Amino acid sequence: MNPTSAIALLEQTWRWFGPDDPVPLNHIRQAGATGIVTALHHIPNGEVWTVEEVRKRRKLIEAAGLQWSVVESIPVHEAIKQGKPEASRYIHQYIQSLLNLASEGIKIVTYNFMPVLDWTRTNLAYELPDGSLALRFDQVDFVCFDVFLLKRKGAEATYPENLLAKARQQYDRLTNHEKDQLIITVLAGLPGAEEGYTLTQFKNLIQAYQSVGEEGLREHLYQFVKTIAAVASEQSMRLAIHPDDPPYPILGLPRVVSTEEDVVRLYSATTDPANGLCFCTGSFGVRPDNDLPGMVNRLGHRIHFVHLRNTTLEADGSFFEADHLGGDTDMFAVMKALIETAKQRKVTLPFRPDHGHQMLDDLNKKTNPGYSAIGRLRGLAELRGLALGISRSIQQ
Ligand code: DNO
């Protein structure tokens with residue numbers, strides 16, 4: 001039996017940040033991925049992705065013997081999230097980008113609806129016992145940022161006293177350079193987050209969400225997805241919302257895609273199958289109350305894209321990114337559920353190894369945090385092996 005046919009239910013993809021990515025397309029091909037996940041990062045948030053720009057990118061990918069499988073992401077403009085009057089113009093432009101992608105045959109689009117910030121970490125070089133570097137969200141550092149650096153109004157009252165005391169000690173211990181670094185790490189935008197902010201800009205933006213609130217944000221999301229799913233559906237496109245990372249409210253900002261219940265509510269905003277999910281084990285997995293294999297079983301009919309990575313949660317709520325097959329998430333159980341779902345639905349589900357440790361030769365290179373070549377190569381190899389083993393054992 002051809003070993004690759006056993007895993008045809010899953011497509012191996014790899015995130016590529018475009019021509020400036022230090023990991024070139026030919027290396028991605030050598031890693032064994034066949035599909036590329038990318039976005040037109042050079043187009044400012046809110047502007048239309050023209051057919052010409054989409055085609056140019058598609059041709060570049062195809063010339064390397066790969067295919068453009070998934071768009072990650074077309075960013076959603078803040079005006080849409082906040083429900084401002086100019087939202088309708090931005091939704092119109094979003095739809096135009098979708099139509100232009102469809103005309104070039106690109107059918108799966110990821111997006112997120114996190115207010116202001118995309119994914120958030122406090123440390124991009126957390127050293128593991130073996131000397132490799134991982135991404136980390138440290139609760140004490142984060143409180144230190146919120147209360148003592150950002151000085152958000154009312155923040156202090158939202159944290160327990162013992163955490164505040166530790167954050168205060170940490171603030172006193174950090175050098176000015178380390179304080180600046182922490183601000184940059186949280187606010188300047190990690191790879192794929194299209195926006196970066198200064199402290200003042202950021203303060204003004206979070207202020208705007210005071211009047212939006214959780215229910216407002218949900219409403220804006222459901223209206224948005226209803227409108228775009230109708231168009232996507234006509235084009236046989238699939239929308240895959242990325243969950244909140246971390247999966248709970250931070251900095252007083254609402255979050256509405258953190259749990260199974262959130263996804264159930266989102267699915268019912270419109271039952272159109274185009275309204276679907278990017279199942280990210282790394283994001284959902286940080287909450288012990290999220291049952292990941294169960295979520296795949298119950299939400300799987302509208303999972304259109306998958307991010308696989310693992311995390312280890314610590315007692316105070318801090319977490320770091322573990323090996324793909326290590327950490328708190330039972331990757332075997334998740335993979336099995338995904339394969340069974342894909343088989344039942346008779347679809348090929350694209351997945352990518354999400355993030356990887358900075359390790360081996362990559363320790364001496366400038367890499368995109370979380371997106372170095374070798375750590376992801378290791379992750380993809382392990383996940384591919386796991387998928388093959390499961391598929392073969394199911395078939396027997
Ligand atoms: C982080 C990524 C996110 C993701 C967006 C999707 O590594 O998973 O930045 O791309 O949230 O819109």
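Fair warning: this is a prediction, and the values are worked out from it, not measured in the lab. We count ligands from 1, going down the list as the structure has it; atoms in each ligand are counted the same way.
Here the two rings, on Phe351 and His307, have centers that are 6.0 Å apart or farther. Residues His355 and Trp119 bring their aromatic ring centres within 6.0 Å. Between His304 and Phe279, the distance from one ring center to the other does not fall under 6.0 angstrom.
Per-residue contacts place His307 under 4.0 angstrom from the following atoms of ligand 1 (heavy atoms of the residue considered): 8 (O). Residue-ligand proximity, Met114 to ligand 1, at heavy-atom distances under 4.0 Å covers atoms 11 (O). Each of the following atoms of ligand 1 lies closer than 4.0 Å to a heavy atom of Arg352: 8 (O). Every atom of ligand 1 with a heavy atom of Trp119 under 4.0 Å away is listed here by number and element: 1 (C), 3 (C), 7 (O), 9 (O). Those atoms of ligand 1 with a heavy atom of Asn112 less than 4.0 angstrom away are 5 (C), 6 (C), 11 (O), 12 (O).
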Please step through side-chain hydrogen bond (donor to acceptor under 3.5 Å, both in side chains) for the pair Ser132 and Asp130, ending with a clear verdict. CA-CA 6 Å; Ser132 61; Asp130 65 5; 2.6 Å; yes
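Counting only non-hydrogen atoms, the option in His355, Glu321, Arg15, His242 that gets closest to atom 7 (O) of ligand 1 is His355. Of the listed residues (Ala39, Ser73, Cys278), the one carrying the non-hydrogen atom nearest atom 12 (O) of ligand 1 is Ser73.
Residues meeting the side-chain contact (heavy atoms from CB on, under 4.5 Å) test with Thr110, sequence neighbours left out: Val70, Glu72, Ser73, Ala240, His242, Cys278, Phe305.
Pairs engaging residues 158-179 under the ring pair (Phe, Tyr, Trp, His ring centres under 6.0 Å) rule: Phe148-Tyr171 [sequence neighbours left out].
In terms of polar-atom proximity, defined here as any N/O pair under 3.5 Å, Thr110 makes no such contact with ligand 1.
Within the 4.0 Å heavy-atom criterion, the part of Asp118 lying near ligand 1 is the side chain and not the backbone. Residue-level proximity to ligand 1 for Arg309 is absent, since no heavy atom of it falls below 4.0 angstrom. Residue contacts with ligand 1, taken as heavy atom pairs separated by less than 4.0 Å, involve Tyr111 solely via the backbone atoms N, CA, C and O.
The side-chain contact (heavy atoms from CB on, under 4.5 Å) test with Leu383 is passed by exactly one of Met335, Arg352, Arg378: Met335.
The aromatic rings of Phe142 and Phe137 sit tilted, their planes meeting at an angle between 30° and 60°.
The protein non-hydrogen atom at the shortest distance from atom 10 (O) of ligand 1 is Glu72 OE2, 2.5 Å.
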